[in-house]
Peer 1: 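Right, I'll just put the structure down here and ask away after.
Quantities reported herein were computed from a predicted structural model and do not represent experimental measurements. Basis for what follows: all heavy atoms, side chains included, without hydrogens, waters or symmetry-related copies.
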Amino acid sequence: MKSFAFVFPGQGSQAVGMLDAWGDHPAVAETLREASAALGEDVGALIKNGPKEDLALTTNTQPVMLVAGVAAWRAWLSEGGAMPSVVAGHSLGEYSALVASGVLTLAQAAPLVRFRAQAMQQAVPVGVGAMAAVLGMESGKVVAGCAEATASFGAGSAEIVEAVNFNDPAQTVIAGSKAAVDKACELLKANGAKRALLLPVSAPFHSSLMKPAAEALREKLASLTLAAPQIPVLNNIDVAVESDPDRIRDALVRQAAGPVRWVESVQALKLRGVAAIIECGPGKVLAGMVKRIAPDLEAASVYDPATLADTRQSLAG
């Protein structure tokens with residue numbers, strides 16, 4: 001059996017009907033029941049029927065992506081899938097990884113990520129912040145371009161833009177105030193970026209403008225009992241594995257207002273000796289990033305019974 005890591009996707013991979021291919025798989029059905037009880041609403045109906053606009057609201061997206069990742073994980077285990085040597089998640093996906101590792105229960109995590117989403121949305125009113133994906137430019141140049149754009153507004157200005165998601169060697173997401181993000185897009189394209197595309201999101205996630213949300217999350221996390229991880233969890237913010245619950249809490253707080261260091265995370269997983277990185281949950285976004293970051297690693301996705309069976313076979317080979 002090859003050594004492998006499981007990684008869980010975050011916001012952006014959601015789709016109406018994303019669990020349909022599982023049919024009435026017992027592990028998936030039980031996950032939906034648990035999450036629905038914890039949130040006091042029918043999560044399965046929201047995922048199955050949408051509408052898309054409701055699924056795209058961050059207060060819904062964060063819980064449904066958590067649930068979808070945990071459902072695929074539990075299906076994997078119920079079908080005899082082996083345990084990964086390490087788990088991680090992209091942004092919100094880190095919460096799915098913590099459930100998989102036993103640090104949080106699903107009943108704890110579902111209301112927690114909804115709280116996180118609400119706190120993020122309240123931190124910056126809709127329309128005040130923005131995010132954009134910068135393509136075809138090395139990340140160091142994107143960081144420098146953001147600093148230049150921020151400085152252009154003068155000392156003491158509230159306008160700010162930062163690099164917040166280091167997704168692959170040629171894709172970096174920036175976030176901040178709308179005016180500063182627009183300015184950065186203009187500068188970066190002038191400096192050689194192939195494209196700078198505004199993203200359809202409702203808040204500047206992972207930027208320093210999210211600090212009020214991070215502080216709200218700190219209080220919320222302090223009220224929860226976290227267990228020691230049963231599988232190592234590599235976090236986004238420090239690209240580190242923590243076993244102490246207080247340090248895990250602190251990393252989650254800082255992650256809300258700090259960058260997702262995904263390129264470094266994949267490199268760190270590789271250094272831990274894994275031969276494959278398996279995306280667990282809807283879509284193939286992370287598997288694609290893995291191939292661009294570490295082409296020599298095997299990358300696959302588990303999002304329905306067929307991909308689960310294929311992945312089990314390839315890892316056994």
Side-chain angles (χ1 to χ4, degrees), residues 8-15 39 46 50-69 89-96 109-134 142-143 146 149-150 153 157-167 171-185 188 196-221 235-237 251-262 283 285:
F8 295 84
Q11 215 155 317
S13 289
Q14 71 277 3
L39 291 169
L46 175 62
K52 182 181 175 183
E53 295 73 23
D54 286 358
L55 216 57
L57 293 170
T58 191
T59 50
N60 287 332
T61 309
Q62 296 202 27
V64 300
M65 283 304 299
L66 168 81
V67 169
H90 188 282
S91 182
L92 165 72
E94 194 167 301
Y95 288 79
S96 303
L112 177 61
V113 298
R114 172 153 282 171
F115 177 88
R116 176 182 185 265
Q118 290 166 337
M120 286 177 155
Q121 196 57 77
Q122 289 163 5
V124 180
V126 176
V128 173
M131 298 181 78
V134 181
V142 177
V143 171
C146 287
T150 299
F153 291 95
S157 170
E159 305 294 348
I160 187 168
V161 58
E162 299 156 342
V164 297
N165 288 6
F166 296 89
N167 284 338
Q171 186 199 111
T172 304
V173 174
I174 63 174
S177 60
K178 178 72 167 65
V181 170
D182 286 342
K183 179 69 175 175
C185 287
L188 292 165
L197 308 167
L198 285 173
L199 299 176
V201 295
S202 55
F205 302 118
H206 297 292
S207 73
S208 57
L209 296 178
M210 291 286 107
K211 282 181 179 172
E215 288 312 309
L217 195 56
R218 187 185 300 280
E219 284 186 35
K220 187 74 170 176
L221 280 161
N235 69 37
N236 289 175
I237 190 71
L252 286 174
V253 169
R254 289 182 293 113
Q255 187 229 50
V260 176
R261 297 163 62 186
W262 194 248
V285 172

Peer 1: I need the minimum non-hydrogen distance between Ala132 and Cys185, along with the two atoms involved.
Peer 2: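 Here Ala132 and Cys185 meet closest at CB-SG, 3.6 Å.
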
Peer 1: Can you tell me how far the CG atom of Leu92 sits from the OG1 atom of Thr61, to the nearest 0.5 Å?
Peer 2: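 The CG atom of Leu92 sits 9.0 Å away from the OG1 atom of Thr61.
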
Peer 1: Which heavy atom of Leu188 sits nearest a heavy atom of Val142, and at what distance?
Peer 2: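 Between these two residues, the closest heavy atoms are CD2-CA, 3.8 Å.
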
Peer 1: Measuring from atom CZ of Arg116 to atom CG of Leu66, what distance do you get when rounded to the nearest 0.5 angstrom?
Peer 2: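 Output value for this atom pair is 10.5 Å.
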
Peer 1: Determine whether Tyr95 and Gln255 make a side-chain contact, defined as any pair of heavy atoms from C-beta on separated by less than 4.5 Å.
Peer 2: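 Counting from C-beta outward, Tyr95 and Gln255 do come under 4.5 Å.
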
Peer 1: In Å, rounded to the nearest 0.5 Å, how long is the span from NZ of Lys220 to CD of Glu215?
Peer 2: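 Lys220 NZ to Glu215 CD: 15.5 Å, rounded to 0.5 Å.
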
Peer 1: Of the non-hydrogen atoms in Glu159 and Ala179, which two are nearest, and what is the gap between them?
Peer 2: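 Closest approach of Glu159 to Ala179: OE1-CB, 3.6 Å.
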
Peer 1: Please find the pair of heavy atoms, one from Ala163 and one from Cys146, that lie closest to each other, and give the distance.
Peer 2: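 Scanning both residues, the minimum pair turns out to be N-SG, 3.9 Å.
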
Peer 1: When you compare the side chain of Ser207 with that of Ile160, does any pair of heavy atoms fall below 4.5 Å?
Peer 2: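 Side chain of Ile160 against side chain of Ser207, heavy atoms only: no contact under 4.5 Å found.
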
Peer 1: Let me confirm one number: the CE-CD1 distance from Met131 to Ile174, rounded to the nearest 0.5 Å.
Peer 2: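 These two atoms lie 9.5 Å from each other.
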
Peer 1: Can you check whether Ala251's main-chain N or O pairs, donor with acceptor, with Asn235's side chain at less than 3.5 Å?
Peer 2: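 Checking the backbone N and O of Ala251 against the side chain of Asn235, no donor-acceptor pair under 3.5 Å is found.
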
Peer 1: Keeping the roles fixed (side chain from Gln14, backbone from Gly12), state whether a donor-acceptor pair exists under 3.5 Å.
Peer 2: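 Yes; judged by distance alone, with no hydrogens or angles, the pair exists.
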
Peer 1: Test your reading of the model: is there a side-chain donor-acceptor pair from Asn236 to the backbone of Gly89, 3.5 Å cut-off?
Peer 2: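 Between the backbone of Gly89 and the side chain of Asn236 there is a qualifying donor-acceptor contact (under 3.5 Å).
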
Peer 1: What distance separates Asn60 CG from Leu46 CG, expressed to the nearest 0.5 Å?
Peer 2: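 It is 5.0 Å, given to the nearest 0.5 Å.
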
Peer 1: Using every non-hydrogen atom in the two residues, find where Pro204 and Ala130 come nearest and quote the distance to one decimal.
Peer 2: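 Pro204 and Ala130 have their closest heavy atoms at CB-O, 3.8 Å.
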
Peer 1: With Gln118 as reference, evaluate Met120, Arg114, Gln121 under the side-chain contact (heavy atoms from CB on, under 4.5 Å) test and give the passing residue.
Peer 2: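 Among Met120, Arg114, Gln121, the one meeting side-chain contact (heavy atoms from CB on, under 4.5 Å) with Gln118 is Arg114.
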
Peer 1: For the residue pair Lys183 and Phe153, establish whether any side-chain heavy-atom pair is separated by less than 4.5 Å.
Peer 2: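 Heavy-atom side-chain distance check passes, below 4.5 Å.
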
Peer 1: Applying side-chain contact (heavy atoms from CB on, under 4.5 Å), run through Leu112 and Leu217 and close with a yes or a no.
Peer 2: CA-CA 8 Å; Leu112 177 61; Leu217 195 56; 3.9 Å; yes

Peer 1: Go through it in stages, so that I can follow the logic: the residues are Ser91 and His206, the test is side-chain contact (heavy atoms from CB on, under 4.5 Å), and I'd like the CA-CA distance, side-chain angles, deciding distance and then a yes or no.
Peer 2: CA-CA 9 Å; Ser91 182; His206 297 292; 2.6 Å; yes

Peer 1: Could you walk me through whether Thr172 and Asn165 pass the side-chain contact (heavy atoms from CB on, under 4.5 Å) test, one step at a time?
Peer 2: CA-CA 6 Å; Thr172 304; Asn165 288 6; over 6 Å; no

Peer 1: Checking the side chain of Glu162 only, and the main-chain atoms of Ser208 only, is there a donor and an acceptor separated by less than 3.5 Å?
Peer 2: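 Side chain of Glu162 to backbone of Ser208: a pair is present.
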
Peer 1: Say whether, by atom type as modelled, one donor and one acceptor occur between the side chain of Arg261 and the main chain of Ile237 under 3.5 angstrom.
Peer 2: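 Pair found, side chain donor or acceptor close to backbone of Ile237.
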
Peer 1: Give the minimum heavy-atom separation between Ala119 and Ala216, together with the two atoms involved.
Peer 2: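 Minimum heavy-atom separation between Ala119 and Ala216: CB-CB, 4.2 Å.
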
Peer 1: Using a 4.5 Å cut-off on heavy atoms from C-beta on, say whether the side chain of Asp182 contacts that of Leu198.
Peer 2: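 Leu198 vs Asp182: side chains touch.
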
Peer 1: Any non-hydrogen side-chain atom of Glu94 less than 4.5 Å from a side-chain atom of Leu252?
Peer 2: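 Counting from C-beta outward, Glu94 and Leu252 do come under 4.5 Å.
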
Peer 1: Is there a donor-acceptor pair closer than 3.5 Å between any side-chain N or O of Ser13 and the backbone N or O of Pro9?
Peer 2: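 No, because the side chain of Ser13 does not come within donor-acceptor range (under 3.5 Å) of the backbone of Pro9.
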
Peer 1: Before giving the answer on side-chain contact (heavy atoms from CB on, under 4.5 Å), spell out for Phe205 and Val164 the whole-Å C-alpha distance, their side-chain angles and the decisive distance to 0.1 Å.
Peer 2: CA-CA 8 Å; Phe205 302 118; Val164 297; over 6 Å; no

